[in-house]
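In listed order, ligands and their atoms are each counted from 1.
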Amino acid sequence: MRRKVRSHIVQDEPLLFELSTPGKRGCQLPRLDVPAVDPAAALGEGSVREGIEGFPEVSEVEVVRHFTRLSTWNYAIDLGMYPLGSCTMKYNPRANEEAARTEGLLWAHPYQPEEQVQGCLEIMARLEQALAEITGMDAVCLQPAAGAHGELTGILLIRALLESKGNPRRKILIPDSAHGTNPATAAIAGYEVENIRSNARGMIDLEAFPSLVNEDVAALMITNPNTLGVFEVNIARIAEILHSKGALLYMDGANMNALVGWTRPGEAGVDVLHLNLHKTFSTPHGGGGPGSGPVAVKKELEPFLPVPRLKQVDGQWRWDYDRPQSIGRVRAFYGNFGVLVRALAYIMACGAEGLRAATVDAVLNANYVRKALEPYYELPHKEPSMHECVFSDRRQARHGVRTMDIAKRLIDYGFHPYTVAFPLIVPGAMMIEPTESESLRELELFVEAMIAIAREAEENPELVRAAPHSTRTSRVDEAAAARKPVLRWRPES
Ligand SMILES: *Cc1c(COP(=O)(O)O)cnc(C)c1O
């Protein structure tokens, strides 16, 4: 058993402001060979400023080293695994980045005439078709910029459909195993949220469910697989019950990494679903960069999709704005185009067999971690795991070591922490999603680190409680950082 703590590079790097020496320059401009102009005369008095108080004056090499050193404090997917559950933080093949940087795609402008951007429109049309096929749905809208945005679009579509039938209804049912964005979405769309308790298997209780669905219920929002990593096996029956009462089934498809190529939500009776292209379909995420949350719907909801819609006229792609029942736009232009290119490149590079294989590997990796850690950590739900597994810190808590401490200690072992204390229905949750992109070797290192930490929790709990030890700063006051952020350096401070 290797118990090696991977070392981090920790330089004693000051703030850029503290590196400043008056008069230093990062670049040299050639001597002026034209007559000098008075800036105030040329630009107007109000456009000229004296200088910036406290502006750092540093040389080129100081700037380069400063930011390069800072970058070594960052953890990145190019450095190691991100076991964050419910996030699908996977390594994305570089080839898809290349595709997104193809010159004609990179520089296309959303206001270019349609006949000049037929290739871009074709990419979007093909992606819509591919996602419809993968999900078993009838139509796809690529506009929403993220998962939560897709949810909002989806629930507004449900509202519009029910309204067209005379009554938008009042309530949305949401299981306690759903992602936190689901109740937020329902509330923003003007619905009351009714929470449904999961049964001991981490699923909806089919005995109790029918009595919850009445004339007030617009839809059930279900995350499948849910945040316990458990697949809702009764989804088709649940859809039937909802439909028999005139309600709809919304599926949060952010966890499609566990399903692609093996099961199609549309065939299980799902009416609306969103995907997270920045999770399942090859756009890096976690840095706050562009995302994409396409919404897929059944035929009945298609007339309400956001405008414009792509349509083919005489072999040419056109934008169709003439859709009187549409809920309108949900975003400027047509979605985050670069993300769409990556997704189509990924789907086409994998092909049907490749996508199925990725799903199998994602599920296999999660179950490998689960089996390997079961002797050391409490597993509250015994259902088979899909793309992620959820442990609780119950055994370690007896020594005063909680999920946050274990997560912090993982940093010393060179791993990004797993998802801490979520889902809420598991006290002291430790939610782990390795994804398909991790090798057996990397999984073994992770498992060894987790086992070593379990031992430390028994033999030396103080060590774990004070982790991380290998970073420049250890525990920060997160509440104070959020409530009183210091965003600006002041010379006097
Ligand atoms: C990530 C996630 C979301 C939200 O997606 P964003 O792109 O972060 O808005 C919703 N549901 C589930 C299950 C998720 O994992």
Side-chain angles (χ1 to χ4, degrees), residues 77 82-90 92 131 135 141-156 172 174-189 193 196 198 202-204 219-232 235 249-260 265 270 272-296 330-331 335-336 338-340 342-343 359 362 366 385-390 416 418-426 429 431-435:
I77 197 76
Y82 263 81
L84 281 173
S86 197
C87 281
T88 313
M89 297 281 281
K90 62 189 187 186
N92 296 294
L131 297 179
T135 55
C141 166
L142 303 173
Q143 261 184 47
H149 195 194
E151 289 173 31
L152 180 62
T153 307
I155 296 299
L156 291 176
I172 300 232
I174 303 183
D176 54 11
S177 61
H179 193 266
T181 47
N182 293 188
T185 292
I188 289 175
V193 174
I196 303 182
S198 303
M203 298 181 197
I204 288 180
L220 169 77
M221 276 184 103
I222 193 170
T223 303
N224 199 19
N226 63 25
T227 57
L228 294 167
V230 171
F231 184 76
E232 177 57 73
I235 186 154
L249 178 56
Y250 183 96
M251 186 177 123
D252 179 330
N255 293 339
M256 270 302 279
N257 220 51
L259 307 182
V260 174
V270 168
V272 188
L273 131 158
H274 83 266
L275 297 166
N276 284 43
L277 299 188
H278 49 289
K279 291 181 181 171
T280 317
F281 295 99
S282 196
T283 279
H285 90 292
S292 178
V295 183
V330 295
R331 193 187 178 283
N336 280 328
V339 180
L340 309 181
R342 287 180 184 88
T359 306
S385 292
M386 296 295 285
H387 59 305
E388 62 197 2
C389 50
V390 181
H416 192 284
Y418 49 76
T419 294
V420 175
F422 183 84
L424 302 176
I425 46 176
V426 173
M431 185 194 216
I432 302 169
E433 178 181 7
T435 81

Check your understanding: Can you tell which of H149, K279, H179 gets a heavy atom nearest to atom 1 (C) of ligand 1?
Key -> K279
Exercise for review: Give the single entry among T419, N276, T280, T223 that approaches atom 5 (O) of ligand 1 most closely by any heavy atom.
Suggested key: N276
Revision key, fill the gap. Atom 11 (N) of ligand 1: closest protein heavy atom, distance to 0.1 Å, is D252 OD2, 2.5 Å
Revision key, fill the gap. heavy-atom search around atom 9 (O) of ligand 1 in the protein gives A148 N, 2.8 Å
Counting distance only, does the side-chain N/O of [X] pair as donor-acceptor with the main-chain N or O of [Y] below 3.5 Å?
X    : Y    : result
T359 : V260 : yes
H278 : S292 : yes
N226 : G202 : yes
H274 : T153 : no

Numbering as shown, the atoms of ligand 1 that approach [X] to under 4.0 Å (heavy-atom distance):
X    : value
A146 : 7 (O), 9 (O)
G147 : 5 (O), 6 (P), 7 (O), 9 (O)
A254 : 2 (C), 11 (N), 12 (C), 13 (C), 14 (C), 15 (O)
E151 : 10 (C), 11 (N)
H278 : 7 (O)

Check your understanding: Considering only heavy atoms from C-beta outward, does the side chain of H179 approach that of N255 to under 4.5 Å?
Key -> no
Check your understanding: Is there a side-chain contact between L340 and L277, using heavy atoms and a 4.5 Å cut-off?
Key -> yes
Check your understanding: Is the closest N or O pair between N182 and ligand 1 shorter than 3.5 Å?
Key -> no
**Study point:** Any side-chain donor near an acceptor of the partner, N182 and T223, under 3.5 Å
**Key:** yes
Review point. Side chains of E433 and S86: do they bring a donor and an acceptor to under 3.5 Å?
Key: no
Check your understanding: Looking only at heavy atoms of G293, does any of them come nearer than 4.0 Å to an atom of ligand 1?
Key -> no
